[in-house]
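To find a chain, count down the sequence lines: A is the first, B the second, and so on, and within it residues start at 1. Remember, it's a predicted structure, so these values are computed and weren't measured experimentally.
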Amino acid sequence: MITLNRYPREIMLRDGARLTLRPMGREDADRLWEFFCRILPEDKMYFRVDVDRKEMVERWAEHLDYDSVLPILALEEDRVVGDATLHRNKTGWKQRVGTVRIQIAPDFRQRGLGMSMIREMRHLGEKAALHYLMAEAIEEQQPAIRAFEKMGFERVGVYRNFVNDQKGALHNLVVLLYHMAYSEEGMSF
Amino acid sequence: MYNVPAWLRYNFAMPLSRMTCPSCGADLVYDSHEAVKGPDGTAICPYRGRGNPELRAAHDLIYFGKWRKMDATTADIRRAYNQIGRHLKAIGRILETKDLPAAKRDLGKAVEAHHAGDPAGESPDALRFMDHALSYAHMAIDGLLHEEGLPPHDPMEFSKWYDAVEVPFKEEW
C-alpha cells in the first residue's frame, strides 16, 4: 500500500502558476467531469472509455480503489487541470508493473505540468515497490512521448495500426517503459 | 569608439564583469549594465532565494562550460569530468537525507554514466557519457525541486550570467 500522507502538495509551474496535487476523492466527480468536458474533441478520440458519459465518471468516483487505480488530480483552486493515474494489479504476473495515464487541460499544456505529473507518478511507483512503469501513447501524441522519454522512459515498442480512435481510424501505439532496476541499498554516492 | 546615444547608457568597449557568489559559489560572468544590484551597488547573485542554489550554480557552471565547445582542450574536458564528479557527490549528500527514491535513481544513472565517461579511458563516447551524467544530475536536482513544490531548473534562465549563446528550449507538455 502506498502511503498518501504527502498530499495535498503545492507545486509551482515554471510560469509561476500554483497548483495543488492530491488524490481524487468521491466528491471530485463533478470537477473531473468538467475537466473532461474541456478536453478537445481530437484528444478525446484517443480515450479508452467514453468520458462524454457522465455516469462513467460518477461510477469511477463511487468505486475508487487506490490499490488498483490511484488518481492524482492537479487543481488550480477548485478546478481540475490535470489528472494522472497509476494503475496496478494486486496479484498476478503484472503486479510489479504499473501503468501511467496522464491528461492535461488544454490551457495547461506546454507549461511543465505534464512533466510534474510524470515525476509524481515515478515517485509513487517507487513507493509502491514496482519494477516497471509503463506508458502508452498514440504515435501522434509526440509532446507526451518526448516528455516521458525526457523523464527516463524508454520507447520499447511500436504496435502498427494497433488501436482505433473513437471514429474507428487506426493508429500506431507507442509503448514506453521506465525501469526501476536499482536497489536503494546500491545507491551510495 | 562607437557613437552611442547617451540614453542607452552603454559603452560597447566595456568588458564583462566577473563575480563569485560567496553564498552559493556561483562563478559568474555578466554585463554589469544588466545585473540587478543591491543597496551597496554590487550585483545580486541570480541564484539567491532559489531552492538549492549551490546545486543549480554548480550544474550551470558545467552546463555552460568550455568542454562542450569545438575548441575545448583535453584539459577542459578533464576539468569538466572532475567537476561533474564533485557535482554528483554534492547532490548525493543532499539526497542521502531525503526520501526521494526516483531522484536517487536518477543520480545512480548519473554516477553510472560518469564512470563510463572517464576521458582518461580515451573512449570516443566519453563526451556523450559526460553529457548523460550531467543530464541525469539535472533530473535529480529537478526531483529535489519538485519535492519542494518548485518548478524545474532551467539553465537558459541563467545563460546571460555565463556569457552563453542561447539554445532553444521548450517545455512541450
Side-chain angles (χ1 to χ4, degrees), chain A residues 3 5-6 8-21 82 102-104 108-130 133 137 141-152 178-189, chain B residues 49-51 55-56 84-115 131-133 135-158 168-173:
Chain A
T3 55
N5 51 9
R6 69 194 255 107
R9 302 191 57 231
E10 299 290 321
I11 62 162
M12 185 165 68
L13 302 184
R14 201 185 291 283
D15 57 10
R18 289 178 183 277
L19 306 177
T20 303
L21 301 184
I102 298 177
Q103 276 300 324
I104 304 294
F108 269 80
R109 292 179 192 173
Q110 300 186 19
R111 295 170 67 178
L113 177 56
M115 298 282 281
S116 287
M117 298 296 259
I118 297 173
R119 211 177 284 286
E120 202 64 26
M121 290 291 107
R122 280 196 342 167
H123 180 87
L124 293 172
E126 298 275 6
K127 300 309 284 180
L130 296 173
L133 286 183
Q141 297 171 314
Q142 283 300 316
I145 292 170
R146 279 196 291 272
F148 276 111
E149 287 180 328
K150 200 173 167 188
M151 291 304 302
Y178 177 72
H179 188 193
M180 304 189 232
Y182 297 83
S183 68
E184 283 270 346
E185 295 75 34
M187 289 187 200
S188 57
F189 309 110
Chain B
R50 312 284 189 115
L55 297 185
R56 291 177 191 248
I84 292 171
R86 290 194 295 273
H87 182 44
L88 299 184
K89 283 199 170 81
I91 298 172
R93 279 193 293 274
I94 293 179
L95 279 178
E96 256 174 11
T97 60
K98 313 267 183 189
D99 181 23
L100 295 175
K104 286 178 181 172
R105 191 171 312 287
D106 290 333
L107 184 59
K109 288 180 181 172
V111 170
E112 202 173 275
H114 183 249
H115 287 162
D131 210 44
H132 285 179
S135 182
Y136 280 120
H138 188 174
M139 285 173 71
I141 294 171
D142 283 351
L144 273 165
L145 296 173
H146 176 76
E147 204 56 22
E148 292 167 20
L150 296 170
H153 174 62
D154 178 5
M156 292 319 298
E157 199 184 323
F158 302 89
F169 179 88
K170 191 181 172 197
E171 197 73 70
E172 293 186 276
W173 204 48

Fill in the blank from the handout: Note: vs chain B, highest number of non-hydrogen pairs under 4.5 angstrom among Lys127(A), Arg119(A), Glu10(A) is Arg119(A)
Handout entry: Selection from Arg9(A), Met117(A), Glu120(A), His123(A) maximising heavy-atom pairs under 4.5 Å formed with chain B
Key = Arg9(A)
Handout entry: Structural part of Asp142(B) lying under 4.5 Å from a heavy atom of chain A
Key = both
Completion exercise
When the 4.5 angstrom heavy-atom criterion is applied to Glu147(B) and chain A, the contacting part is both
Problem - Test applied, side chain to side chain contact (heavy atoms under 4.5 Å, CB included); reference residue, Arg122(A); option that passes from Arg105(B), Met139(B), His146(B) - result: Met139(B)
Completion exercise
Most contact-rich option vs chain A, by heavy-atom pairs under 4.5 angstrom, among Asp106(B), Leu145(B), Leu150(B), is Asp106(B)
Exercise for the section: Tell me, yes or no, whether the heavy-atom count around Tyr178(A) atom OH, taken from other residues, nucleotides or ligands under 6.0 Å, exceeds 12. Expected result: yes
Practice task
Please flag which part of Arg6(A) lies under 4.5 Å from any non-hydrogen atom of chain B: side chain, backbone, both or neither.
Solution key: side chain
